[in-house]
Peer 1: 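Below is the structure I would like to discuss, written out as structure tokens.
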Amino acid sequence: MRQGRVAVIECVQEIPCNPCSFSCKFNAITIGDEITNLPHLNENKCTGCGQCVANCPGLAITIIDKSYSDKEAVIDFPFEYLPLPQEHQVVDAVNRYGEVVCKGIIKKVK
């Protein structure tokens with residue numbers, strides 16, 4: 001993550017799902033023989049392109065770039081609520097349990 005963008009997969013549901021593996025043109029994500037297996041990421045193959053984020057129906061993948069600075073990271077993640085945040089807006093950043101962990105600044109909305 002300190003060398004550049006890389007995917008982080010936090011998929012915890014062992015359900016029939018594999019769009020992330022098919023959307024990765026670098027074959028960095030594998031599911032294995034059973035479609036209910038959790039996805040595995042090969043960080044050495046991942047370029048952080050974000051196609052897996054866009055194709056994950058469970059919103060379980062983010063892209064993290066810790067090379068942004070010594071004190072800050074850039075995180076790309078899916079956002080499914082309205083209203084959309086605005087660029088340069090300061091927001092509460094939360095963990096997977098919804099607990100505020102720090103302030104964040106919206107760099108870009110796609």
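Numbering starts at 1 and runs along the sequence shown.
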Peer 1: Could you give the distance from CD (Glu72) to SG (Cys102), rounded to the nearest 0.5 Å?
Peer 2: 9.5 Å
Peer 1: Just to verify, which of Asp76, Val53, Leu41 counts as forming a side-chain contact (heavy atoms from CB on, under 4.5 Å) with Ile61?
Peer 2: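 With Ile61 as partner, side-chain contact (heavy atoms from CB on, under 4.5 Å) holds for just one option, Val53.
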Peer 1: Determine, stepwise, if the pair Cys52 / Cys24 fulfils side chain to side chain contact (heavy atoms under 4.5 Å, CB included).
Peer 2: CA-CA 6 Å; Cys52 56; Cys24 182; 5.5 Å; no
Peer 1: Test of understanding: clusters of I, L, V, M, F, W, Y form through side-chain heavy atoms closer than 4.5 Å, transitively. Do Val101 and Tyr97 belong to the same one?
Peer 2: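 Result: no, two separate clusters.
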Peer 1: Gly48 and Arg5: which non-hydrogen atoms are nearest, and at how many Å?
Peer 2: O-NH2, 2.7 Å
Peer 1: Please report the interatomic distance NZ(Lys110) to CG(Leu84), rounded to the nearest 0.5 Å.
Peer 2: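 Answer for the NZ-CG pair, Lys110 versus Leu84, is 14.0 Å.
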Peer 1: Connecting only ILVMFWY residues whose side-chain heavy atoms lie within less than 4.5 Å of each other, what is the rest of Tyr68's hydrophobic cluster?
Peer 2: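 Under the 4.5 Å side-chain rule, Tyr68 groups with Val74.
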Peer 1: Should the heavy atoms of other residues, nucleotides or ligands under 6.0 Å from CD of Glu87 be counted, would the total exceed 12?
Peer 2: yes
Peer 1: Any idea which heavy atoms bring Cys11 and Leu38 closest together, and the distance?
Peer 2: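 Answer, listing the atom of Cys11 first, then Leu38: O-CD2, 3.6 Å.
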Peer 1: Under 4.5 Å between side-chain heavy atoms, hopping through other hydrophobics if needed: is there a path connecting Ile75 to Ile106?
Peer 2: yes
Peer 1: On a heavy-atom basis, which atom in Pro39 and which in Ile29 lie closest, and how many Å separate them?
Peer 2: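 Looks like CB-CG2, 3.8 Å.
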Peer 1: Can you list the residues that meet the side-chain contact (heavy atoms from CB on, under 4.5 Å) rule with Glu10, with sequence neighbours excluded?
Peer 2: Val8, Arg96
Peer 1: For the residue pair Asp92 and Lys103, what are the closest heavy atoms and their distance?
Peer 2: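 Minimum heavy-atom separation between Asp92 and Lys103: OD1-NZ, 2.5 Å.
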Peer 1: State, with a plain yes or no, whether a side-chain heavy atom of Val94 is found less than 4.5 Å away from one of Glu99.
Peer 2: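 The answer is no; the side chains never approach within 4.5 Å.
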Peer 1: Looking only at heavy atoms, what is the nearest atom pair of Ala7 and Cys46, with distance?
Peer 2: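 Closest pair (atom of Ala7, atom of Cys46, distance): N-SG, 3.3 Å.
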Peer 1: Let me check something: do Leu82 and Val91 share a hydrophobic cluster, defined by ILVMFWY side-chain heavy atoms less than 4.5 Å apart, either directly or through other members?
Peer 2: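 As far as the 4.5 Å side-chain criterion goes, Val91 and Leu82 are connected within one cluster.
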Peer 1: Calculate, to the nearest 0.5 Å, the distance between atoms CG and OG belonging to Asn37 and Ser21 respectively.
Peer 2: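 Result: 10.5 Å between the selected atoms.
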Peer 1: Would you say the side chain of Pro57 lies within less than 4.5 Å of the side chain of Pro19, judging by non-hydrogen atoms?
Peer 2: yes
Peer 1: I need the minimum non-hydrogen distance between Ile31 and Cys20, along with the two atoms involved.
Peer 2: CD1-SG, 4.2 Å
Peer 1: Measuring from atom CD of Gln3 to atom CG of Asp65, what distance do you get when rounded to the nearest 0.5 angstrom?
Peer 2: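 With rounding to 0.5 Å, CD (Gln3) is 11.0 Å from CG (Asp65).
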Peer 1: Could you state the interatomic distance from NZ (Lys107) to NE2 (His88), rounded to the nearest 0.5 Å?
Peer 2: 8.0 Å
Peer 1: Going hydrophobic residue to hydrophobic residue with side-chain gaps under 4.5 angstrom, can you get from Phe77 over to Val90?
Peer 2: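 Each belongs to a different hydrophobic cluster.
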Peer 1: Is there a donor-acceptor contact under 3.5 Å from the side chain of Ser69 to the main chain of Lys71?
Peer 2: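 Yes; at least one donor-acceptor contact below 3.5 Å.
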Peer 1: Give a yes or no on whether Phe79 atom CZ has more than 12 heavy-atom contacts from other residues, nucleotides or ligands under 6.0 Å away.
Peer 2: yes
Peer 1: If I take atom NZ from residue Lys45 and atom NZ from residue Lys25, how far apart are they, to the nearest 0.5 angstrom?
Peer 2: 15.0 Å
